[in-house]
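First comes the structure, then the notes that go with it.
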Amino acid sequence: MRIAVLAGALALMVGTPAQAQQTMLDARTAQAIVAGCAAHATTKKQSHAIAVVDVGGHLIAALKMDRSSSGAMDFSIEKAVAVAAWGFPTAGMEEAATGTPGFARAPNVVTVAGGVPVWSTDGRTRLGGVGASGEDPKDDAACAEAGIRASGLRTARAT
């Protein structure tokens, strides 16, 4: 009985991503995203700079893994801010820039993969963005996606 009470109290303190629908990206969830991305990178023997921002583009959590450059950290923040502003991955911004006159010069446009938006568990609310940089752009994007999934959130709007 005592163990069950302690386990219940711990669950309340720690929480789980599926407990309640998130309407904003908090520090705990942002740290879970960073941890998930870093774990993914470690298994691949990669080193990324990782940034998590809220929907307004404000930095909530970041990690510059060993062997990442300061330039990679700056670029990861730019990628995160871009997807927070536009709501779709930076991998799609190159095509959008090609097909939409003026888009390439719009604020917060990054045409390199590695920025992925963060959506609520039901895919209805955009919560922010994750940027990863330091490896091949496809690996950067995979890292960001893995971090978001590890936190229990979505990488795309529900259709």
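This structure is a prediction, so every number in the text was calculated from the model and none was measured.
By the criterion of side-chain heavy atoms lying less than 4.5 angstrom apart, applied directly or through intervening Ile, Leu, Val, Met, Phe, Trp or Tyr residues, V118 is grouped together with V116 in one hydrophobic cluster. Under the 4.5 Å side-chain heavy-atom criterion for grouping Ile, Leu, Val, Met, Phe, Trp and Tyr, V34 is connected to I60 within one hydrophobic cluster. If you chain together hydrophobic residues whose side chains sit under 4.5 Å apart, V53 and I50 never meet in one group. In this structure, L63 is not a member of the same hydrophobic cluster as V81, with clusters built from ILVMFWY side-chain heavy atoms closer than 4.5 Å. Taken together through direct or relayed side-chain contacts under 4.5 Å among Ile, Leu, Val, Met, Phe, Trp and Tyr, M65 and V130 form part of one hydrophobic cluster.
The side-chain hydrogen bond (donor to acceptor under 3.5 Å, both in side chains) search around D136 returns none, not counting sequence neighbours.
Residue pairs meeting the salt bridge (Lys or Arg N to Asp or Glu O under 4.0 Å) criterion with at least one partner in residues 107-131, sequence neighbours excluded, do not occur; the list is empty. Residue pairs meeting the ring pair (Phe, Tyr, Trp, His ring centres under 6.0 Å) criterion with at least one partner in residues 126-159, sequence neighbours excluded, are absent. The side chain to side chain donor-acceptor pair (under 3.5 Å) contacts involving residues 32-46 comprise Q46-H48, Q46-D139, where partners must be two or more places apart or lie in separate chains. Contacts classified as side chain to side chain donor-acceptor pair (under 3.5 Å) and involving residues 51-72 (residues at least two apart or in different chains) are given here: S47-S68, D54-H58. For the side chain to side chain donor-acceptor pair (under 3.5 Å) condition, no pair includes a residue of residues 94-105, sequence neighbours left out.
We find the CE-OG1 distance between M93 and T111 to be 9.5 Å, quoted to the nearest 0.5 Å. The CG atom of L127 sits 8.5 Å away from the OG1 atom of T121 when rounded to the nearest 0.5 Å. Summarising the geometry, atom CG belonging to D140 is positioned 11.0 Å from atom CD belonging to E145; distances are rounded to the nearest 0.5 Å.
Between the T90 side chain and the V112 main chain, a donor and an acceptor come within less than 3.5 Å of each other.
For the residue pair M73 and A62, the shortest heavy atom distance occurs at CE-CB, 3.7 Å. Closest non-hydrogen pair, C37 versus A144, comes out as SG-N, 3.9 Å. Closest heavy-atom contact between A80 and G131: CB-N, 3.4 Å. Contact between A113 and A141 at its shortest, heavy atoms only, is CB-CB, 4.4 Å. When all heavy atoms are compared, the tightest approach of A61 to Q31 is CB-NE2, 3.7 Å. Here the closest non-hydrogen pair linking S133 and A72 is CB-O, 3.3 Å.
Between W86 and F103, the ring planes lie perpendicular to each other; the angle is over 60°, past the 30° to 60° tilted range.
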